[in-house]
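In what follows, chains are A, B, ... by sequence order, proteins preceding strands, each numbered from 1. Only heavy atoms go into these numbers, but all of them, side chains included; no hydrogens, no water, no symmetry mates.
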2 protein chains.
Amino acid sequence: MEQKRQRMTHQRSVILEEVQRCQDHPTADEVYERVRKRLPRISMGTVYRNLDVLVSSGLIRKLGPDFPQMRFDGDTRDHYHMTCIGCGCVEDMGIPPQDDTVSQLETALGKLTKHGVFGHRLEFFGLCPDCREKKGYLLEEVQEIPSSEEEQEHGAEGE
Amino acid sequence: MEQKRQRMTHQRSVILEEVQRCQDHPTADEVYERVRKRLPRISMGTVYRNLDVLVSSGLIRKLGPDFPQMRFDGDTRDHYHMTCIGCGCVEDMGIPPQDDTVSQLETALGKLTKHGVFGHRLEFFGLCPDCREKKGYLLEEVQEIPSSEEEQEHGAEGE
DNA sequence: CTGTTATCAGGAATGGTTACTAATAATACA
DNA sequence: TGTATTATTAGTAACCATTCCTGATAACAG
Ligand SMILES: [Mn+2]
Ligand SMILES: [Mn+2]
Ligand SMILES: [Zn+2]
Ligand SMILES: [Zn+2]
């Protein structure tokens with residue numbers, strides 16, 4: 001399973017340039033619109049394909065829904081969730097959040113409020129008990145799937 | 001604009017029961033499958049409609065992508081983002097995260113690692129400068145849109 | 001009961017994304 | 001500098017989750 005080496009096409013480099021140019025966070029169709037001004041014949045599929053290539057080679061990052069489906073929770077109390085990157089299931093965190101950490105976070109948030117921030121969300125990624133049992137998972141597949149969620153954000157840390 | 005008062009239909013109560021029964025976090029189609037065992041003629045549209053009604057009346061919660069589109073970032077350095085609940089844009093947080101808060105968070109995370117957690121994501125919600133300018137926004141529309149993102153999760157706090 | 005009308009089932013439409021295919025062009029190397 | 005190999009392309013169809021539309025049904029106020 002050797003990775004086929006990839007070519008630098010005109011389309012790919014233009015897409016990269018356009019994503020890097022501004023410091024905003026364009027959606028795929030916004031990238032498409034920008035690129036189309038320079039390459040009027042480019043297709044949406046090419047944009048999506050190259051964005052993925054660029055993400056997996058680390059040249060850009062993907063922000064976005066980790067899983068596209070909405071989920072519902074009959075428990076309306078405040079609690080944290082862990083999304084399993086193995087199977088995509090969502091579990092309540094068995095361990096209650098460290099209160100001091102959270103309150104520090106909220107204190108920091110308070111300072112940010114005057115800058116327009118008034119809410120946050122903290123979510124966890126990991127492996128559910130079922131997926132943990134299927135050993136070797138961590139070593140094999142984990143690197144592939146979450147090229148978008150694993151190391152993606154800010155504070156995400158490897159073990 | 002008085003809200004039309006809602007009826008308690010058989011379908012609605014069954015959907016509520018099924019979401020509340022287990023403590024997992026079903027997707028809409030999983031709810032559909034469960035409900036269908038009791039109401040074989042129910043339709044997917046009914047499930048979606050009622051899930052939304054139940055969410056907005058506070059009986060259940062919605063977890064899920066706040067915005068369904070992926071976004072891309074040409075800046076691969078670690079940094080936080082704020083999603084504007086007014087227009088949906090994503091901005092870099094002007095203010096760097098408080099290091100002590102983040103390190104505390106990661107310390108707490110370390111403890112969780114042995115429970116299968118090995119990553120997290122922290123994102124912020126707020127109003128971008130453009131939307132902040134359109135005053136009254138906060139008072140008018142904010143309550144409607146984020147019935148799902150505003151107070152939804154764990155640590156989300158009002159100002 | 002009865003009239004009003006919120007809600008229903010069914011199906012079509014939408015939006016974002018991915019998959020397929022024959023044609024094209026980037027690169028290794030002769 | 002050709003030429004062969006094959007990754008990549010444009011275009012289009014398929015996909016999936018969700019929303020919208022319709023005439024029929026049923027909840028419930030009076
Ligand atoms: Mn939960
Ligand atoms: Mn950014
Ligand atoms: Zn799992
Ligand atoms: Zn905005």
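- Remark on DNA chain D: of its neighbouring residues R7(B) and T46(A), the 5'-side contact belongs to T46(A), judged by nearest-heavy-atom nucleotide.
- Atom P of nucleotide dG16(C) and atom CZ of F72(B) are separated by 13 Å, given to the nearest angstrom.
- Counting to the nearest Å, the C1' atom of dG16(C) and the CG atom of D66(A) are 16 Å from each other.
- Side chain R49(A) to base dT8(D): no donor-acceptor pair is found below 3.5 Å.
- Nucleic acid contact class of N50(A) (heavy atoms, under 4.0 Å, all strands): sugar-phosphate only.
- Rounded to whole Å, the distance from CD1 on I15(A) to C1' on dA10(D) is 12 Å.
- Heavy-atom nearest nucleotides on DNA chain D were determined for Q69(A) and for G45(A), and the one closer to the 5' end corresponds to G45(A).
- When distances run from any side-chain atom of Q6(A) to the nucleotides dT17(C), dA7(D), dT7(C), the shortest one goes to dA7(D).
- To the nearest angstrom, P of dC8(C) lies 10 Å from CE of M8(B).
- When all heavy atoms are compared, the tightest approach of Q23(A) to D92(B) is O-OD2, 4.0 Å.
- Regarding F67(A), its CZ atom lies at a distance of 13 Å from the P atom of dT18(C), rounded to whole Å.
- The distance from the CZ atom of R61(B) to the NE2 atom of H79(A) is 8.0 Å, given to the nearest 0.5 Å.
- The CG atom of D52(B) sits 13 Å away from the P atom of dT7(C) (whole-angstrom rounding).
- Between Y80(A) and F124(A), the angle of the ring planes goes over 60°, which puts this pair in the perpendicular group of the 30/60° scheme.
- Screening R34(B), K37(B), R38(B) for a side-chain hydrogen bond (donor to acceptor under 3.5 Å, both in side chains) involving E18(B) leaves a single residue, R38(B).
- Here Q11(A) does not reach the OP1 or OP2 of dA26(C): none of its side-chain N or O atoms lies under 4.0 Å away.
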